[in-house]
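Keep in mind that the numbers below use all heavy atoms, side chains included, and drop hydrogens, waters and symmetry copies. Counting convention: from 1, in listed order, for ligands and their atoms alike.
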Amino acid sequence: MKLKASTVYDCSVIDVSKVNNDAGNITVVENGHNIPFEVKRIYYLYDVPSGEARGGHAHYELEQFIIAASGSFDVILDDGVNKKRVSLNRPNLALHIVPGLWRELDNFSSGSICMVLASHKYEESDYIRDHNEFIKLKK
Ligand code: TYD
């Protein structure tokens with residue numbers, strides 16, 4: 001399968017907005033409205049021990065919205081040439097990750113929740129888990 005020629009500059013932080021009142025906030029993410037792909041799967045990371053890193057892989061086709069539903073963490077994006085570190089710390093901000101990029105997540109605050117909205121169901125064949133292979137495929 002061909003790996004997409006995407007770069008870290010194709011990813012952006014999107015303000016998915018919020019409805020706020022004195023009793024708190026609601027943020028809504030809705031297919032066909034404020035997300036640029038159809039959501040097929042939602043999963044979340046939590047209880048990440050202090051100092052741990054997650055991710056460490058790329059995807060051929062999967063597109064994602066990554067949201068700090070609680071607390072904060074960083075996402076490091078890598079296209080084989082450029083790297084970009086994005087800090088997420090508000091539940092109304094979503095990092096849009098396009099396919100074809102290596103990513104790692106670190107710097108998780110205590111009690112943080114990383115919510116991921118994904119464009120496809122889980123498929124191990126969509127993963128590249130070896131960084132050397134990723135670099136080769138990206139050339
Ligand atoms: P992985 O995507 O490698 O986690 P991370 O990027 O957060 O480090 O997945 C970790 C394990 O969980 C792996 O064995 C596959 C499994 N998994 C599923 O079964 N379904 C899923 O939707 C996801 C995201 C992971």
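Under 4.0 Å is where a charged nitrogen must lie from a carboxylate oxygen, and between Asp126 and Lys121 no such pair does. Using a 4.0 Å cut-off between charged nitrogen and carboxylate oxygen, Lys2 and Glu61 do not count as a salt-bridge pair.
In Tyr122, the OH atom is crowded: over 12 heavy atoms of neighbouring residues, nucleotides or ligands sit closer than 6.0 Å. Summarising the local packing, OH of Tyr127 is surrounded by more than 12 heavy atoms from other residues, nucleotides or ligands at distances under 6.0 Å. Crowding of Ile26 atom CD1: a count of heavy atoms from other residues, nucleotides or ligands under 6.0 Å not exceeding 12.
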Check ligand 1 for N or O atoms under 3.5 Å from a protein N or O and list each pair with its distance.
from: ligand 1; atom 1: 2 (O); to: Tyr127; atom 2: OH; distance (Å): 2.6
from: ligand 1; atom 1: 3 (O); to: Arg129; atom 2: NH1; distance (Å): 2.9
from: ligand 1; atom 1: 3 (O); to: Arg129; atom 2: NH2; distance (Å): 3.1
from: ligand 1; atom 1: 4 (O); to: Arg54; atom 2: NH2; distance (Å): 3.4
from: ligand 1; atom 1: 6 (O); to: Gly55; atom 2: N; distance (Å): 3.4
from: ligand 1; atom 1: 6 (O); to: His57; atom 2: NE2; distance (Å): 2.7
from: ligand 1; atom 1: 7 (O); to: Arg54; atom 2: NE; distance (Å): 3.1
from: ligand 1; atom 1: 7 (O); to: Arg54; atom 2: NH2; distance (Å): 3.1
from: ligand 1; atom 1: 8 (O); to: Arg54; atom 2: NE; distance (Å): 3.2
from: ligand 1; atom 1: 8 (O); to: Arg54; atom 2: NH2; distance (Å): 3.4
from: ligand 1; atom 1: 8 (O); to: Gly55; atom 2: N; distance (Å): 3.0
from: ligand 1; atom 1: 22 (O); to: Arg41; atom 2: NH1; distance (Å): 2.4

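Shown are Leu117, Leu62, Val116; of these, the side-chain contact (heavy atoms from CB on, under 4.5 Å) with Arg41 is made only by Leu62.
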